[in-house]
Amino acid sequence: MSAPKERNDLKSFVTSRPVAVLMIFTAAVVFGFFSYGRLPVNLMPELSYPTLTIRTEYPGAAPEEVENDISRLIEEAVGVIGGLRNLSSVSRAEVSDVILEFSWDTKMSDATQDVLERLDSVFLPTEAKRPLILHFDPSLDPVMELSLAGTGDAFEGDEGLRRLRRLADRQVKRQLEPVKGVAAVRVKGGLEEEIHVLLEEEALRRTGVSIQQVINRLRQENINLAGGTIQEGRTEYLVRTLNEFKDLEQIQETIIATVDGREVRVSDLGRVLRANRDRQLVTRTNGSESVQLEIFKEADANMVALSKRIRTVLGDWKPGDEEDEDARGLAARLNKEEDAQLQLVADRSGFIESSINEVRNTAVLGGLLAVLVLFFFLRDVRTTLIIAVSIPLSLLMTFAPMNLLGTSLNIMSLGGLALGIGMLVDSSIVVLESIHRCRSEGD
């Protein structure tokens, strides 16, 4: 008897206190309206993909050795883990990848712990490095890609590519990393500077100095060490020994050993020159070599909002614009001061915005069509207006609990809201028909 009594109390409260009910609904709508602007926008909801990759590096090994000495041993060890659906491996030169696919109901934290325990029982070759466990996560892909290319004669040849790389590392990267939501900025392409010490075999044989001696001596001379602390009153100073090479001449004058009372320097054994690291890839923009920057977002960052902040830092600028350079952002400053062109070449947020807008517009259009169909069948303006007002108010009130629960605006959540509009229309018709029947009976 308590449940019907509670329902009657609720009915009497709603019907006898319209002002209070109106204020409650108004507050819910206001909270929903402000929550809508705070909801993050993503393409899909956060998913934990049940996939693990065990990557093991085996320097100097051929694919067949990698398969026999690494991949097969790991497969035999992890193949008995519970919840495993598929096990495969890819063995290539110096690298082994063992891919484990689990069922969707598997708790990945427990699966990772089981894999670690199984790997502890595997005895790999001493030359192999420690296996790494990699999780597949699409959010780890770069959300934006920038291109930095030279537009003047100063960027011709190897020196130009080295200059582009310095600009990307020292200016562009440092400007983008502090942006809210940016986890990391990775620079690719160009030429990375490196100091080469080219030793002559005849000089080493004549002096009796080995290559390892040269390496060890250079490593000892090019280092910064902590030298303890000095306390003066209440102030404590950290003492450091700064001993890094500042130019090529210091490297050339480094003493490697003393042979027959004579100091043997690096310049006596070979040459020291400024060169580049071995290139792993070449990046091009519009057919010309360039440097690319990949921007990665933090795990809980809003991709669309991050894209807007990055665009603000870059500035909405294209070659040929004539407005004030100081107001055009990083891209304009680089073009003016360094004669380099920085442009956006890829942005995942554009696809997300278009997809979300398409779903949102479809939901709005579906609601309007539902109202028109209702009016066509009911032929009653008052009843149709009641349903037409209830649809947007109900949607606005839904955004408040979504914000509290940390749900994002994505294809799945907006699709659910679109389906909810249809259910809302059906429920409204049933309620209105019941009210109409009760009123016709004299209630």
Side-chain angles (χ1 to χ4, degrees), residues 141-196 244-251 271-297 303-351:
D141 296 333
V143 297
M144 301 179 71
E145 292 186 16
L146 308 177
S147 170
L148 181 65
T151 58
D153 296 337
F155 293 95
E156 296 292 337
D158 292 348
E159 182 58 36
L161 293 176
R162 281 194 290 268
R163 183 183 176 190
L164 277 179
R165 183 79 185 203
R166 285 196 300 269
L167 288 176
D169 283 324
R170 300 178 184 179
Q171 294 194 33
V172 182
K173 183 178 180 179
R174 294 180 182 179
Q175 289 283 335
L176 296 180
E177 283 183 331
V179 176
K180 181 181 178 181
V182 175
V185 179
R186 181 184 300 168
V187 182
K188 298 167 55 179
L191 293 177
E192 298 183 69
E193 289 185 298
E194 192 174 65
I195 304 300
H196 287 181
E244 286 187 344
F245 295 126
K246 293 182 172 55
D247 51 44
L248 301 182
E249 184 178 355
Q250 290 184 352
I251 302 177
R271 296 178 298 151
V272 180
L273 50 87
R274 194 181 302 274
N276 314 307
R277 285 188 180 181
D278 294 336
R279 304 188 68 178
Q280 301 293 332
L281 55 87
V282 176
T283 57
R284 299 181 185 272
T285 302
N286 296 327
S288 302
E289 286 200 44
S290 62
V291 174
Q292 290 190 354
L293 298 96
E294 296 179 341
I295 301 175
F296 297 84
K297 76 178 188 70
M303 190 180 300
V304 176
L306 173 61
S307 174
K308 293 179 180 178
R309 287 192 287 266
I310 294 295
R311 290 175 181 270
T312 301
V313 173
L314 298 179
D316 189 10
W317 172 83
K318 296 179 181 179
D321 290 350
E322 300 298 337
E323 61 266 20
D324 183 15
E325 291 87 350
D326 296 333
R328 293 188 300 190
L330 178 60
R333 293 200 302 271
L334 285 175
N335 186 266
K336 177 183 177 182
E337 299 172 3
E338 304 291 346
D339 203 18
Q341 182 177 341
L342 180 65
Q343 57 183 331
L344 180 64
V345 295
D347 186 0
R348 289 177 57 191
S349 67
F351 174 73

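Residues passing the side chain to side chain contact (heavy atoms under 4.5 Å, CB included) test with K246 are Q250, sequence neighbours excluded. For S147, the side chain to side chain donor-acceptor pair (under 3.5 Å) test picks out T285, with sequence neighbours left out. Applying the side chain to side chain contact (heavy atoms under 4.5 Å, CB included) test to R309 and every residue at least two apart in sequence or in another chain returns V179, K180, A305, L306. Under the rule for a side chain to side chain donor-acceptor pair (under 3.5 Å), the partners of E194 that lie at least two apart in sequence or sit in another chain are H196. Looking at residues two or more places apart in sequence or on another chain, you find a side chain to side chain contact (heavy atoms under 4.5 Å, CB included) between R284 and V282, E289. Under the rule for a salt bridge (Lys or Arg N to Asp or Glu O under 4.0 Å), the partners of R166 that lie at least two apart in sequence or sit in another chain are E159, E193. A search for side chain to side chain contact (heavy atoms under 4.5 Å, CB included) contacts involving Q175 returns L330, R333, not counting sequence neighbours. Residues passing the side chain to side chain donor-acceptor pair (under 3.5 Å) test with D169 are R165, sequence neighbours excluded. For the salt bridge (Lys or Arg N to Asp or Glu O under 4.0 Å) test, no residue two or more places apart in sequence or in another chain qualifies with E337.
Atom CG of D247 has more than 12 neighbouring heavy atoms from other residues, nucleotides or ligands inside a 6.0 Å radius. Atom CD of E249 has 12 or fewer heavy atoms from other residues, nucleotides or ligands within 6.0 Å.
Once rounded to the nearest 0.5 Å, the distance linking OG of S349 with CZ of R311 reads 6.0 Å. Here R174 contributes atom CZ and Q171 contributes atom CD; the two are 9.0 Å apart, rounded to the nearest 0.5 Å. In this structure, the separation between CD on E145 and CD1 on I295 is 9.5 Å, given to the nearest 0.5 Å. Here L191 contributes atom CG and L161 contributes atom CG; the two are 4.5 Å apart, rounded to the nearest 0.5 Å. Atom CD1 in I310 sits 9.5 Å away from atom CG in D347 (nearest 0.5 Å).
Side chain of S307 to main chain of M303: no donor-acceptor pair is present (N/O by atom type, distance under 3.5 Å, no hydrogens or angles).
Here the side chains of L334 and L148 are in contact, with some heavy-atom distance below 4.5 Å. Counting heavy atoms from C-beta on, the side chains of L146 and L176 come closer than 4.5 Å. Between V182 and K297 there is no side-chain heavy-atom pair separated by less than 4.5 Å.
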Is there a side-chain contact (heavy atoms from CB on, under 4.5 Å) between E294 and V185 once you walk through the steps? CA-CA 6 Å; E294 296 179 341; V185 179; over 6 Å; no
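Summarising the geometry of T283 relative to G189, their closest heavy-atom pair is OG1-CA, 3.7 Å, with the distance given to 0.1 Å. The shortest heavy-atom contact between V187 and A168 is CG1-CB, 3.9 Å.
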